[in-house]
There are 2 protein chains.
Amino acid sequence: MPRKSQEEKARSRARIVEVAAAMFRENGIATTGVADLMKAAGLTHGGFYRHFASKDDLVAAAISHSVSTALAELRGAEEPGARAKALKRYIDRYLSEEHVGNPRDGCPLAALGPEAPRSSPQVSKALDEGSAEAVRVLAAAMDGRREAASSLMATLLGSVVMARMASSHQCRKRILLDGQRAALGIVESG
Amino acid sequence: MPRKSQEEKARSRARIVEVAAAMFRENGIATTGVADLMKAAGLTHGGFYRHFASKDDLVAAAISHSVSTALAELRGAEEPGARAKALKRYIDRYLSEEHVGNPRDGCPLAALGPEAPRSSPQVSKALDEGSAEAVRVLAAAMDGRREAASSLMATLLGSVVMARMASSHQCRKRILLDGQRAALGIVESG
DNA sequence: CCTCTTAGATGACAATCATAATCTAAACGA
DNA sequence: TCGTTTAGATTATGATTGTCATCTAAGAGG
(Lines give C-alpha, C1' and ligand atoms only; values in the text may rest on other atoms or scores of the structure.)
Protein backbone atom coordinates (compact mmCIF):
# COMPACT_ATOMS: atom_id res chain seq x y z
CA MET A 1 0.00 0.00 0.00
CA PRO A 2 1.64 3.15 -1.16
CA ARG A 3 0.93 6.81 -0.86
CA LYS A 4 -1.82 8.34 1.32
CA SER A 5 -3.36 11.79 1.18
CA GLN A 6 -1.92 14.60 3.27
CA GLU A 7 -4.93 14.44 5.50
CA GLU A 8 -4.34 10.78 6.14
CA LYS A 9 -0.67 11.42 6.73
CA ALA A 10 -1.56 13.86 9.46
CA ARG A 11 -3.92 11.27 10.92
CA SER A 12 -1.15 8.68 10.84
CA ARG A 13 1.24 11.01 12.56
CA ALA A 14 -1.27 11.82 15.27
CA ARG A 15 -1.94 8.13 15.76
CA ILE A 16 1.77 7.37 16.08
CA VAL A 17 2.23 10.13 18.65
CA GLU A 18 -0.72 8.97 20.69
CA VAL A 19 0.26 5.31 20.64
CA ALA A 20 3.85 6.24 21.44
CA ALA A 21 2.83 8.41 24.37
CA ALA A 22 0.89 5.50 25.82
CA MET A 23 3.60 2.91 25.21
CA PHE A 24 6.43 5.05 26.54
CA ARG A 25 4.52 5.72 29.74
CA GLU A 26 3.69 2.06 30.15
CA ASN A 27 6.93 0.35 29.13
CA GLY A 28 9.53 3.09 29.30
CA ILE A 29 11.31 4.87 26.49
CA ALA A 30 14.36 2.68 26.02
CA THR A 31 12.40 -0.57 26.08
CA THR A 32 9.83 0.52 23.51
CA GLY A 33 11.09 -0.14 20.00
CA VAL A 34 10.18 1.80 16.90
CA ALA A 35 8.94 -1.38 15.21
CA ASP A 36 6.58 -2.36 18.05
CA LEU A 37 5.31 1.14 18.21
CA MET A 38 4.51 1.37 14.51
CA LYS A 39 2.81 -2.00 14.59
CA ALA A 40 0.62 -0.79 17.44
CA ALA A 41 -0.27 2.21 15.30
CA GLY A 42 -1.29 -0.13 12.48
CA LEU A 43 1.75 0.55 10.29
CA THR A 44 5.09 -1.05 9.52
CA HIS A 45 8.36 0.31 10.82
CA GLY A 46 9.57 1.42 7.39
CA GLY A 47 7.44 4.51 7.14
CA PHE A 48 8.53 5.89 10.46
CA TYR A 49 11.15 8.30 9.15
CA ARG A 50 8.64 10.00 6.88
CA HIS A 51 7.15 11.44 10.06
CA PHE A 52 10.04 11.86 12.46
CA ALA A 53 13.74 12.55 12.09
CA SER A 54 14.62 10.09 14.84
CA LYS A 55 13.17 8.19 17.76
CA ASP A 56 14.10 11.02 20.10
CA ASP A 57 12.14 13.37 17.89
CA LEU A 58 9.05 11.24 18.45
CA VAL A 59 9.74 10.94 22.16
CA ALA A 60 9.79 14.72 22.50
CA ALA A 61 6.57 15.04 20.51
CA ALA A 62 4.89 12.33 22.57
CA ILE A 63 5.84 14.01 25.83
CA SER A 64 4.63 17.43 24.73
CA HIS A 65 1.38 15.94 23.49
CA SER A 66 0.64 13.94 26.62
CA VAL A 67 1.50 16.83 28.93
CA SER A 68 -0.92 19.07 27.08
CA THR A 69 -3.78 16.61 27.19
CA ALA A 70 -3.07 15.82 30.84
CA LEU A 71 -3.42 19.48 31.74
CA ALA A 72 -6.41 20.15 29.48
CA GLU A 73 -9.10 19.50 32.06
CA LEU A 74 -7.39 21.82 34.50
CA ARG A 75 -7.06 24.62 31.98
CA GLY A 76 -10.77 24.80 31.23
CA ALA A 77 -12.14 26.57 34.28
CA GLU A 78 -12.21 30.36 34.29
CA GLU A 79 -13.92 31.76 37.39
CA PRO A 80 -12.24 31.16 40.76
CA GLY A 81 -15.08 28.99 42.02
CA ALA A 82 -14.94 26.60 39.10
CA ARG A 83 -11.16 26.65 39.30
CA ALA A 84 -11.04 25.45 42.88
CA LYS A 85 -13.52 22.74 42.10
CA ALA A 86 -11.59 21.59 39.03
CA LEU A 87 -8.38 21.54 41.03
CA LYS A 88 -9.85 19.36 43.74
CA ARG A 89 -11.23 16.95 41.18
CA TYR A 90 -7.85 16.91 39.47
CA ILE A 91 -6.06 16.04 42.71
CA ASP A 92 -8.60 13.37 43.43
CA ARG A 93 -8.10 11.76 40.05
CA TYR A 94 -4.34 12.12 40.22
CA LEU A 95 -4.10 10.39 43.57
CA SER A 96 -6.46 7.57 42.60
CA GLU A 97 -5.71 3.87 42.35
CA GLU A 98 -6.83 4.02 38.76
CA HIS A 99 -4.10 6.52 37.93
CA VAL A 100 -1.50 4.53 39.82
CA GLY A 101 -2.50 1.33 38.07
CA ASN A 102 -2.65 2.81 34.57
CA PRO A 103 0.49 4.73 33.73
CA ARG A 104 -0.30 4.36 30.02
CA ASP A 105 -2.81 7.19 30.10
CA GLY A 106 -1.62 8.92 33.24
CA CYS A 107 0.75 11.73 34.03
CA PRO A 108 3.78 11.60 31.72
CA LEU A 109 5.97 13.47 34.19
CA ALA A 110 5.41 10.85 36.89
CA ALA A 111 6.13 8.06 34.42
CA LEU A 112 9.04 9.53 32.46
CA GLY A 113 10.37 12.45 34.52
CA PRO A 114 13.18 10.52 36.14
CA GLU A 115 14.55 9.66 32.71
CA ALA A 116 15.17 13.37 32.11
CA PRO A 117 18.78 13.54 33.28
CA ARG A 118 19.75 10.63 31.02
CA SER A 119 17.86 11.74 27.93
CA SER A 120 18.86 13.55 24.75
CA PRO A 121 18.63 17.35 24.71
CA GLN A 122 15.40 17.17 22.72
CA VAL A 123 13.67 14.92 25.23
CA SER A 124 15.13 16.80 28.14
CA LYS A 125 13.74 20.04 26.74
CA ALA A 126 10.27 18.55 26.32
CA LEU A 127 10.25 17.40 29.94
CA ASP A 128 11.58 20.74 31.10
CA GLU A 129 8.89 22.69 29.28
CA GLY A 130 6.23 20.19 30.28
CA SER A 131 6.99 20.46 33.98
CA ALA A 132 7.20 24.24 33.80
CA GLU A 133 3.82 24.36 32.12
CA ALA A 134 2.36 22.04 34.73
CA VAL A 135 3.47 24.31 37.55
CA ARG A 136 2.10 27.32 35.67
CA VAL A 137 -1.30 25.70 35.16
CA LEU A 138 -1.44 24.53 38.77
CA ALA A 139 -0.52 27.99 39.98
CA ALA A 140 -3.24 29.52 37.80
CA ALA A 141 -5.74 27.22 39.48
CA MET A 142 -4.48 28.35 42.90
CA ASP A 143 -4.86 32.11 42.55
CA GLY A 144 -1.30 32.45 41.31
CA ARG A 145 0.39 30.98 44.36
CA ARG A 146 3.38 29.61 42.50
CA GLU A 147 5.22 28.40 45.57
CA ALA A 148 2.24 26.40 46.80
CA ALA A 149 1.75 25.05 43.28
CA SER A 150 5.32 23.78 43.24
CA SER A 151 4.86 22.04 46.58
CA LEU A 152 1.59 20.57 45.43
CA MET A 153 3.14 19.17 42.31
CA ALA A 154 5.99 17.63 44.29
CA THR A 155 3.47 15.97 46.58
CA LEU A 156 1.44 14.66 43.66
CA LEU A 157 4.44 13.33 41.76
CA GLY A 158 6.07 11.81 44.81
CA SER A 159 2.91 10.14 46.03
CA VAL A 160 2.24 8.46 42.69
CA VAL A 161 5.84 7.29 42.38
CA MET A 162 5.65 5.88 45.89
CA ALA A 163 2.29 4.22 45.30
CA ARG A 164 3.63 2.60 42.14
CA MET A 165 6.50 1.10 44.07
CA ALA A 166 4.16 -0.47 46.62
CA SER A 167 3.03 -3.93 45.64
CA SER A 168 0.44 -4.32 48.39
CA HIS A 169 -2.95 -2.91 47.69
CA GLN A 170 -3.35 -1.72 51.26
CA CYS A 171 -0.04 0.08 51.23
CA ARG A 172 -0.91 1.86 48.00
CA LYS A 173 -4.19 3.01 49.45
CA ARG A 174 -2.53 4.38 52.56
CA ILE A 175 0.04 6.26 50.53
CA LEU A 176 -2.64 7.80 48.35
CA LEU A 177 -4.68 8.84 51.35
CA ASP A 178 -1.68 10.45 52.99
CA GLY A 179 -0.98 12.23 49.71
CA GLN A 180 -4.52 13.53 49.49
CA ARG A 181 -4.39 14.90 53.00
CA ALA A 182 -1.10 16.64 52.30
CA ALA A 183 -2.28 17.97 48.93
CA LEU A 184 -5.50 19.42 50.30
CA GLY A 185 -3.51 20.93 53.13
CA ILE A 186 -1.33 22.75 50.63
CA VAL A 187 -4.30 23.94 48.57
CA GLU A 188 -6.10 25.34 51.57
CA SER A 189 -3.04 26.85 53.21
CA GLY A 190 -3.52 30.17 51.32
CA MET B 1 43.68 -14.89 34.44
CA PRO B 2 41.79 -17.69 36.03
CA ARG B 3 40.59 -18.53 39.45
CA LYS B 4 40.57 -16.14 42.44
CA SER B 5 40.25 -16.88 46.14
CA GLN B 6 36.83 -16.86 47.77
CA GLU B 7 37.69 -13.66 49.49
CA GLU B 8 38.50 -12.04 46.21
CA LYS B 9 35.32 -13.39 44.69
CA ALA B 10 33.32 -11.67 47.40
CA ARG B 11 35.24 -8.49 46.71
CA SER B 12 34.49 -8.79 43.01
CA ARG B 13 30.82 -9.28 43.68
CA ALA B 14 30.69 -6.28 45.97
CA ARG B 15 32.47 -4.18 43.36
CA ILE B 16 30.03 -5.25 40.66
CA VAL B 17 27.04 -4.40 42.84
CA GLU B 18 28.44 -1.00 43.73
CA VAL B 19 29.38 -0.09 40.18
CA ALA B 20 26.02 -1.34 38.95
CA ALA B 21 24.12 0.68 41.53
CA ALA B 22 25.91 3.81 40.36
CA MET B 23 25.49 3.12 36.65
CA PHE B 24 21.83 2.17 36.90
CA ARG B 25 21.05 5.36 38.76
CA GLU B 26 23.00 7.45 36.29
CA ASN B 27 22.05 5.86 32.96
CA GLY B 28 18.96 3.84 33.73
CA ILE B 29 18.55 0.10 33.94
CA ALA B 30 17.65 -0.77 30.38
CA THR B 31 20.41 1.34 28.85
CA THR B 32 23.18 -0.07 31.03
CA GLY B 33 24.57 -3.24 29.52
CA VAL B 34 26.14 -6.13 31.36
CA ALA B 35 29.34 -5.77 29.35
CA ASP B 36 29.78 -2.05 30.11
CA LEU B 37 29.06 -2.70 33.71
CA MET B 38 31.62 -5.46 34.06
CA LYS B 39 34.22 -3.40 32.28
CA ALA B 40 33.59 -0.56 34.74
CA ALA B 41 34.13 -3.07 37.54
CA GLY B 42 37.48 -4.05 36.01
CA LEU B 43 36.30 -7.41 34.67
CA THR B 44 35.10 -8.89 31.41
CA HIS B 45 31.51 -9.80 30.73
CA GLY B 46 32.16 -13.54 30.73
CA GLY B 47 32.42 -13.97 34.46
CA PHE B 48 29.17 -12.23 35.20
CA TYR B 49 27.06 -15.35 35.56
CA ARG B 50 29.35 -16.78 38.23
CA HIS B 51 27.94 -14.07 40.48
CA PHE B 52 24.37 -13.48 39.33
CA ALA B 53 21.70 -15.65 37.75
CA SER B 54 20.60 -12.85 35.44
CA LYS B 55 20.78 -9.12 34.92
CA ASP B 56 17.57 -8.67 36.88
CA ASP B 57 19.16 -10.52 39.76
CA LEU B 58 21.93 -7.92 39.84
CA VAL B 59 19.46 -5.07 39.47
CA ALA B 60 17.60 -6.24 42.54
CA ALA B 61 20.82 -6.60 44.51
CA ALA B 62 22.00 -3.16 43.41
CA ILE B 63 18.76 -1.53 44.49
CA SER B 64 18.74 -3.20 47.88
CA HIS B 65 22.34 -2.25 48.44
CA SER B 66 21.94 1.39 47.47
CA VAL B 67 18.79 1.83 49.52
CA SER B 68 20.55 0.50 52.58
CA THR B 69 23.55 2.77 52.23
CA ALA B 70 21.32 5.75 51.46
CA LEU B 71 19.46 5.24 54.72
CA ALA B 72 22.54 4.44 56.81
CA GLU B 73 23.22 7.97 57.99
CA LEU B 74 19.63 8.35 59.10
CA ARG B 75 19.61 5.09 61.03
CA GLY B 76 22.53 6.01 63.24
CA ALA B 77 20.99 8.42 65.71
CA GLU B 78 19.38 7.05 68.87
CA GLU B 79 18.22 9.80 71.19
CA PRO B 80 15.37 12.06 70.00
CA GLY B 81 17.56 15.14 69.94
CA ALA B 82 20.18 13.60 67.68
CA ARG B 83 17.41 12.08 65.58
CA ALA B 84 15.81 15.40 64.80
CA LYS B 85 19.17 16.87 63.93
CA ALA B 86 20.07 13.96 61.65
CA LEU B 87 16.70 14.21 59.93
CA LYS B 88 17.15 17.90 59.20
CA ARG B 89 20.61 17.31 57.81
CA TYR B 90 19.25 14.46 55.72
CA ILE B 91 16.53 16.67 54.24
CA ASP B 92 19.05 19.38 53.54
CA ARG B 93 21.33 17.00 51.69
CA TYR B 94 18.45 15.37 49.87
CA LEU B 95 17.14 18.66 48.55
CA SER B 96 20.55 19.97 47.52
CA GLU B 97 21.78 20.83 44.05
CA GLU B 98 24.54 18.33 44.54
CA HIS B 99 22.04 15.52 44.97
CA VAL B 100 20.00 16.70 42.00
CA GLY B 101 23.09 16.90 39.83
CA ASN B 102 24.55 13.54 40.86
CA PRO B 103 22.00 10.76 40.57
CA ARG B 104 24.82 8.23 40.44
CA ASP B 105 25.30 8.29 44.19
CA GLY B 106 21.95 9.70 45.16
CA CYS B 107 18.61 8.25 46.17
CA PRO B 108 17.87 5.10 44.15
CA LEU B 109 14.14 5.47 44.61
CA ALA B 110 14.11 8.89 42.99
CA ALA B 111 16.24 7.63 40.12
CA LEU B 112 14.68 4.20 39.52
CA GLY B 113 11.32 4.21 41.29
CA PRO B 114 9.26 5.05 38.23
CA GLU B 115 10.66 1.97 36.49
CA ALA B 116 8.96 -0.19 39.12
CA PRO B 117 5.69 -0.87 37.28
CA ARG B 118 7.56 -2.03 34.20
CA SER B 119 10.17 -4.18 35.95
CA SER B 120 10.49 -7.87 36.61
CA PRO B 121 9.03 -9.26 39.84
CA GLN B 122 12.49 -9.43 41.38
CA VAL B 123 13.24 -5.78 40.73
CA SER B 124 9.75 -4.74 41.66
CA LYS B 125 10.11 -6.48 44.98
CA ALA B 126 13.41 -4.77 45.71
CA LEU B 127 11.86 -1.36 45.07
CA ASP B 128 8.82 -2.26 47.13
CA GLU B 129 10.88 -3.31 50.12
CA GLY B 130 13.25 -0.39 49.66
CA SER B 131 10.51 2.20 49.75
CA ALA B 132 8.81 0.54 52.69
CA GLU B 133 12.08 0.58 54.60
CA ALA B 134 12.62 4.22 53.73
CA VAL B 135 9.25 5.19 55.15
CA ARG B 136 9.96 3.12 58.27
CA VAL B 137 13.32 4.80 58.85
CA LEU B 138 11.88 8.25 58.24
CA ALA B 139 9.03 7.53 60.64
CA ALA B 140 11.50 6.34 63.26
CA ALA B 141 13.29 9.68 62.95
CA MET B 142 9.96 11.50 63.42
CA ASP B 143 8.79 9.96 66.66
CA GLY B 144 6.87 7.27 64.83
CA ARG B 145 4.59 9.59 62.87
CA ARG B 146 4.17 7.28 59.91
CA GLU B 147 1.67 9.46 58.09
CA ALA B 148 3.91 12.49 58.24
CA ALA B 149 6.85 10.35 57.16
CA SER B 150 4.94 9.25 54.08
CA SER B 151 4.11 12.85 53.18
CA LEU B 152 7.70 13.87 53.76
CA MET B 153 9.00 11.17 51.50
CA ALA B 154 6.56 12.14 48.76
CA THR B 155 7.72 15.74 49.01
CA LEU B 156 11.37 14.71 48.89
CA LEU B 157 10.95 12.36 45.94
CA GLY B 158 8.72 14.72 43.99
CA SER B 159 10.96 17.73 44.53
CA VAL B 160 14.05 15.92 43.29
CA VAL B 161 12.24 14.55 40.25
CA MET B 162 10.98 18.05 39.47
CA ALA B 163 14.36 19.64 39.98
CA ARG B 164 15.95 17.09 37.66
CA MET B 165 13.49 17.99 34.93
CA ALA B 166 14.35 21.68 35.18
CA SER B 167 17.18 22.68 32.90
CA SER B 168 17.60 26.18 34.29
CA HIS B 169 19.75 26.56 37.33
CA GLN B 170 17.46 29.21 38.80
CA CYS B 171 14.40 27.07 38.37
CA ARG B 172 16.08 24.13 40.10
CA LYS B 173 17.04 26.31 43.01
CA ARG B 174 13.51 27.60 43.41
CA ILE B 175 12.06 24.12 43.34
CA LEU B 176 14.51 22.92 45.96
CA LEU B 177 13.76 25.87 48.21
CA ASP B 178 10.02 25.29 47.93
CA GLY B 179 10.65 21.65 48.73
CA GLN B 180 12.68 22.52 51.80
CA ARG B 181 9.99 24.80 53.14
CA ALA B 182 7.34 22.15 52.60
CA ALA B 183 9.50 19.40 54.11
CA LEU B 184 10.35 21.37 57.24
CA GLY B 185 6.69 22.25 57.57
CA ILE B 186 5.81 18.57 57.61
CA VAL B 187 8.53 17.70 60.12
CA GLU B 188 7.46 20.43 62.53
CA SER B 189 3.73 19.86 62.15
CA GLY B 190 3.71 17.29 64.97
C1' DC C 1 51.30 -33.50 45.90
C1' DC C 2 47.44 -34.63 43.35
C1' DT C 3 42.67 -34.11 42.05
C1' DC C 4 38.57 -31.54 41.71
C1' DT C 5 36.41 -27.34 41.50
C1' DT C 6 35.75 -22.83 39.74
C1' DA C 7 36.63 -17.26 38.83
C1' DG C 8 37.29 -15.10 35.21
C1' DA C 9 38.69 -14.54 30.00
C1' DT C 10 37.55 -15.40 25.29
C1' DG C 11 34.45 -15.96 21.88
C1' DA C 12 30.04 -17.15 19.90
C1' DC C 13 24.83 -17.16 19.86
C1' DA C 14 20.36 -15.50 18.46
C1' DA C 15 17.54 -11.41 19.21
C1' DT C 16 16.67 -6.91 19.02
C1' DC C 17 17.65 -2.32 17.99
C1' DA C 18 17.64 2.40 15.30
C1' DT C 19 18.34 3.78 10.86
C1' DA C 20 18.45 3.59 5.84
C1' DA C 21 17.82 2.04 0.73
C1' DT C 22 14.73 0.45 -2.42
C1' DC C 23 10.31 -0.19 -4.36
C1' DT C 24 5.40 0.75 -5.71
C1' DA C 25 1.35 2.86 -6.40
C1' DA C 26 -1.43 6.55 -5.40
C1' DA C 27 -1.87 11.62 -4.46
C1' DC C 28 -0.48 15.84 -6.12
C1' DG C 29 0.94 20.14 -9.22
C1' DA C 30 0.81 21.51 -13.72
C1' DT D 1 -3.94 14.13 -18.16
C1' DC D 2 0.96 13.50 -17.44
C1' DG D 3 5.02 13.72 -14.79
C1' DT D 4 6.68 14.46 -10.16
C1' DT D 5 6.49 13.60 -5.50
C1' DT D 6 5.95 10.73 -1.59
C1' DA D 7 3.39 7.47 2.36
C1' DG D 8 4.10 3.44 3.54
C1' DA D 9 5.84 -1.68 2.76
C1' DT D 10 9.72 -4.60 2.32
C1' DT D 11 14.15 -5.69 3.12
C1' DA D 12 18.94 -4.77 4.56
C1' DT D 13 22.58 -3.11 7.79
C1' DG D 14 25.56 -2.71 11.47
C1' DA D 15 25.60 -2.26 16.24
C1' DT D 16 24.34 -3.88 20.68
C1' DT D 17 22.03 -6.88 23.62
C1' DG D 18 21.59 -10.86 27.42
C1' DT D 19 23.09 -15.34 27.84
C1' DC D 20 25.94 -19.33 27.33
C1' DA D 21 29.95 -22.89 26.01
C1' DT D 22 34.47 -23.39 26.27
C1' DC D 23 39.01 -22.76 27.94
C1' DT D 24 42.60 -21.39 31.40
C1' DA D 25 45.00 -21.71 35.43
C1' DA D 26 44.90 -21.21 40.09
C1' DG D 27 42.52 -22.05 44.71
C1' DA D 28 40.65 -25.65 47.82
C1' DG D 29 40.36 -30.28 49.90
C1' DG D 30 42.36 -34.51 50.61
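Just so we're on the same page: letters track the sequence lines, and every chain starts at 1.
Between the side chain of R25(B) and the backbone N or O of L112(B) there is no donor-acceptor pair closer than 3.5 Å. In this structure, K55(B) contributes its side chain and G33(B) its backbone to no donor-acceptor pair below 3.5 Å. Counting only distance, with no hydrogens or angles, the side chain of H99(B) and the backbone of C107(B) share a donor-acceptor pair below 3.5 Å. Side chain of S12(A) to backbone of E8(A): a donor-acceptor contact under 3.5 angstrom is found.
A heavy atom lying under 4.0 Å from DNA chain C marks the following residues of residues 29-65 of chain B, by number: L43(B), T44(B), H45(B), G46(B), G47(B), R50(B), H51(B). Near DNA chain C, defined here as any heavy-atom distance below 4.0 Å, there are no residues from residues 113-123 of chain B.
Residues M165(A) and L157(B) meet the side-chain proximity criterion, which asks for heavy atoms closer than 4.5 Å.
For DNA chain D, the stems formed by at least three consecutive Watson-Crick or G-U pairs, with both atom-pair distances below 3.5 Å, span C:1-12 with D:19-30, C:18-30 with D:1-13.
For dA7(D), the OP1/OP2 oxygens have no side-chain nitrogen or oxygen of S12(A) closer than 4.0 Å.
L177(B) and L95(B) end up in different hydrophobic clusters when Ile, Leu, Val, Met, Phe, Trp and Tyr side chains are linked at under 4.5 Å.
A donor and an acceptor atom, one from each side chain of R145(A) and S189(A), are located under 3.5 Å apart. Between the side chains of D178(B) and S151(A), no donor-acceptor pair is found at a separation under 3.5 Å.
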Check against side-chain contact (heavy atoms from CB on, under 4.5 Å), H51(B) and K9(B): CA-CA 9 Å; H51(B) 294 281; K9(B) 179 184 180 181; 3.4 Å; yes
